[in-house]
4 protein chains.
Amino acid sequence: MDSHLAARTPPPLSPRKRPRQARAVVTVDAIFEATLQVLLAEGMRHLTTTRVAERAGVSVGTMYQYFPNKQALVYALNERSLETLADRIEATCRACHAAPVNRMVEALIETYWRAKTERPEVTRALYRSVAEMDNTALIESFAQRVDAATTEMLASATDATFTDLHIVNLTLVTVIFGTVRNAFERGVSDAVSHALKQQLLEMCLAYMQAAMA
Amino acid sequence: MDSHLAARTPPPLSPRKRPRQARAVVTVDAIFEATLQVLLAEGMRHLTTTRVAERAGVSVGTMYQYFPNKQALVYALNERSLETLADRIEATCRACHAAPVNRMVEALIETYWRAKTERPEVTRALYRSVAEMDNTALIESFAQRVDAATTEMLASATDATFTDLHIVNLTLVTVIFGTVRNAFERGVSDAVSHALKQQLLEMCLAYMQAAMA
Amino acid sequence: MDSHLAARTPPPLSPRKRPRQARAVVTVDAIFEATLQVLLAEGMRHLTTTRVAERAGVSVGTMYQYFPNKQALVYALNERSLETLADRIEATCRACHAAPVNRMVEALIETYWRAKTERPEVTRALYRSVAEMDNTALIESFAQRVDAATTEMLASATDATFTDLHIVNLTLVTVIFGTVRNAFERGVSDAVSHALKQQLLEMCLAYMQAAMA
Amino acid sequence: MDSHLAARTPPPLSPRKRPRQARAVVTVDAIFEATLQVLLAEGMRHLTTTRVAERAGVSVGTMYQYFPNKQALVYALNERSLETLADRIEATCRACHAAPVNRMVEALIETYWRAKTERPEVTRALYRSVAEMDNTALIESFAQRVDAATTEMLASATDATFTDLHIVNLTLVTVIFGTVRNAFERGVSDAVSHALKQQLLEMCLAYMQAAMA
DNA sequence: TATGAATGAGCGTTCATTCAT
DNA sequence: AATGAATGAACGCTCATTCAT
């Protein structure tokens, strides 16, 4: 499935080298930032290596020192973004350790919703940029971190136990993430968005209630 | 927002001419089918007008008689697909008119889930193909049809009345559609997928129960 | 010289058939008019057979009944225009038969200047349209008619005889026609244009005076 | 007027970058030379970017580093040619500073006539190549340089003063340039061409005589 | 190590021309 | 005689990638 994504010219998507020196880190960050800027300003369609390099203040050649090809660059940008997101979710989970379930659910929704909404154009640009790449590994890796964190959190709930924690957790996460994305895509107004978030919360709470052992 | 999608050179996305003769209809269908084939086999990245025309058994020139440019072709393909999906949902809603709420929710989930899952590669290819286009209008038009149908259906429920039918309906639809997409993107196995669908149903039922006046 | 103009695909530049019936004449005229319109509105660069046919209210197929190819169409349009111009010049020459030389020269300048200036965009469009065709035959044929007419006129002058009528005539015509074109290309203002015409007249008169036997 | 020439998509006609290194200068020169070659051998109609690049021994991409599009290339070629011509005319004017009027006129005619005639196919090819572009700026710039030079020259004449130097100068230049072009277009033989040049000289001299204060 | 000029395959698109109806 | 859908060669142009400096 999706073989063509990688098939034609199996592109090495991992960075060519990890930046070791301080200068390299700065350079790579500049490149990432430039990529995002171009993505926002011009769209994936007009994201060219030249433009990125220009905006980053380096030469194309230098860019190719850190990323074997354009895809790898975009891939890495998304990777970074997902890692940041996972960080935030893990932080939330840690903060809700041993809290009541309701607070957990609310915190989870709040965190994810805010993360996706605070810079909507960035979210959208990133969604779009990976669309034609095989981002399975990215998603999976993100999912694993999140699942681990939320599972652990839910297991620590002081006011509930779940007979099938695993599926409950998966459901919760999938519904929340999916709903946010869909609300996002529909382009609902802020007011509606807020109401929707409330309803989602209530729905999840009702579900958790029913799912408790 | 997303201005670059249309801004640079507002591309006319509407078909150049409606096929009038039988032959023309066949041609257009062949082009659609070919587009989908190429999309599946090669991915958006390698979807070229030449390749599509070739597979459709027509000349590029002919393609351009019906579609003003490549984007319009892809756009139209997605439009067609969303229209078919809306048709199916409307049919479901009609079939559930004046039924109990539970049956409605179950039918809705079932219909959408099946539609998106029966030919997963097609779904994925289409998701990807529109990613870098401004498909707002498409989404909106689809959403309107669906919202109208589901709202009407829910209002006809024999066993329930909703004080805020509008938001309940929006929530239901957004959650269902979003969850399906997310489950899809995670690439869950069939077994998990099935379980997830069950859980989603239960969650929605719990929500509807709580939402009844 | 200029072999490439005809070399690649020696294009038959003469009309396919002379319109015999009244209807055909109307059609051909419509096509000519349409060609000119498109030329004015869009420029040679965007003069396409489809556009011309559309504006003429006929099908491309019909157009090809009267003109073997696009070049022939443009060629014929210029031919027609030059013929009209030659008509006017001949009329002027006839009107000045047996007049004094000064009146002849003035009339010639006046006629040509007016002809080229009364619809400047048309003049310019036509100049441009033939630029990349071998219009030698056209020019030659026009030149012959004009030379004959002006020679005859000058020979009939009541107040002068020229020892070398032929070269005087050629000089006069070449200078007048060339100057008009050059003034035209420089895009001089109406005021300057008028002054220039006066000066040209004086120059020609001085020349004729000197050239008289 | 002629709005369509620029209107549709105002094409940037100025070179993309000035060649800085020696190698680049060579490259640009090779491209110019190749353009002229192709123009001569195939005509504007068959002047394609690929062909030019091929003949210049560079890749299309390189061509596009120096010229933003095909039109700009042709435009620049004509610009260069007109600049060279203006150089020659200025040199002539300088050489005739403070000379008698007759020598000035003769030198001017001689210079221009020779310049346009020494490589007639080149002249013709260039005339044709700009035909469908907005070369107003080119012409104007050329005219200004020439006008300045000739005006200065005439003003320095030792044997004459002109009450309206400006219009006399304009007339002289327009007549000479126009006549040369027209003689050229008529395709007159060398013998006739020579005679014509003599007559033009006499005509101009007669005019100047009359125009002296 | 960093540069950026050079490459050239490959793309989207046009439009003169044909010919079945 | 008239139509206009179909053709497909040919074009201008882009941009990821390389490599001599």
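Just so it is clear, the model here is predicted, and its values are computed rather than measured. Reminder, nothing fancy here: chain letters follow the sequence lines and each chain counts from 1.
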Whether A:Thr49 contacts F:dC15 is assessed here as follows: a side-chain N or O lying under 4.0 Å from the phosphate OP1 or OP2. Is that the case? no
Taking D:Leu138's backbone N and O only, do any of them form a donor-acceptor pair with D:Asn135's side chain (distance below 3.5 Å, no angle check)? no
List the steps and the verdict of side chain to side chain contact (heavy atoms under 4.5 Å, CB included) for D:Val122 and D:Leu39. CA-CA 8 Å; D:Val122 173; D:Leu39 224 37; over 6 Å; no
A:Lys70, nearest nucleotide to its side chain (from E:dT13, E:dA16, F:dT17): F:dT17
Rounded to whole angstroms, how far apart are CZ on C:Phe67 and P on E:dT18? 16 Å
Could you check whether B:Phe32 and B:Tyr66 have their ring centres less than 6.0 Å apart? no
Would one find a side-chain N or O of B:Arg51 under 4.0 angstrom from OP1 or OP2 of E:dC11? yes
What is the distance from CD of D:Gln71 to P of F:dG12, rounded to the nearest Å? 11 Å
Can you check the D:Tyr75 OH to F:dG12 P distance for me, whole Å? 20 Å
Between B:Thr48 and A:Val58, just flag the one whose closest nucleotide in DNA chain E comes earlier from the 5' side. A:Val58
Roughly how many Å is it from CG in A:Asn69 to P in F:dT17, rounded to a whole number? 5 Å
Within this structure, what is the CD1-to-P distance between B:Ile31 and E:dG12, rounded to whole angstrom? 15 Å
Reckon D:Thr62 touches a base, only the sugar-phosphate, or nothing at all at heavy-atom distances under 4.0 Å? base
Rounded to the Å, how far apart are A:Glu54 CD and E:dA5 P? 11 Å
Of the nucleotides F:dC13, F:dT3, F:dT7, which has the atom closest to the D:Val60 side chain? F:dC13
Rounded to whole Å, the OH-P distance (C:Tyr64 to F:dA6) equals 18 Å
Between D:Arg45 and C:Glu132 (side chain of the first, backbone of the second, donor and acceptor by atom type, cut-off under 3.5 Å), is there such a pair? no
Which is more 5' along DNA chain E, the nucleotide nearest C:Gly61 or the one nearest B:Gly61? Just name the residue. B:Gly61
Once Watson-Crick and G-U wobble pairs under 3.5 Å are found, how is DNA chain F written in dot-bracket notation, 5' to 3', with | for any base paired to another strand? .||||||||||||||||||||
Under 4.0 Å between a side-chain N/O of B:Tyr66 and OP1 or OP2 of F:dA6, yes or no? yes
Below 4.0 angstrom from OP1 or OP2 of E:dG4, is there any side-chain N or O of A:Ser59? no
Assess whether one donor atom and one acceptor atom, taken from the side chain of D:Gln65 and the base of E:dA6, lie less than 3.5 Å apart. yes
Any donor and acceptor pair, going by atom type alone, linking the side chain of A:Thr35 with main-chain N or O of A:Ile31 inside 3.5 Å? yes
Check: C:Arg55 side chain, C:Gln37 main-chain N or O, donor-acceptor pair, under 3.5 Å: no
Please check if the side chain of D:Arg128 supplies one atom and the backbone of D:Met44 the other of a donor-acceptor pair under 3.5 Å. no
Toward the 5' end of DNA chain F, which comes first, D:Arg45 or A:Leu47, by nearest nucleotide? D:Arg45
Can a donor-acceptor pair be found, under 3.5 Å and without considering hydrogens, that links the side chain of D:Asn78 to the backbone of D:Val74? yes
Expressed in angstrom and rounded to an integer, what is the separation of D:Met63 atom CE from F:dT14 atom P? 11 Å
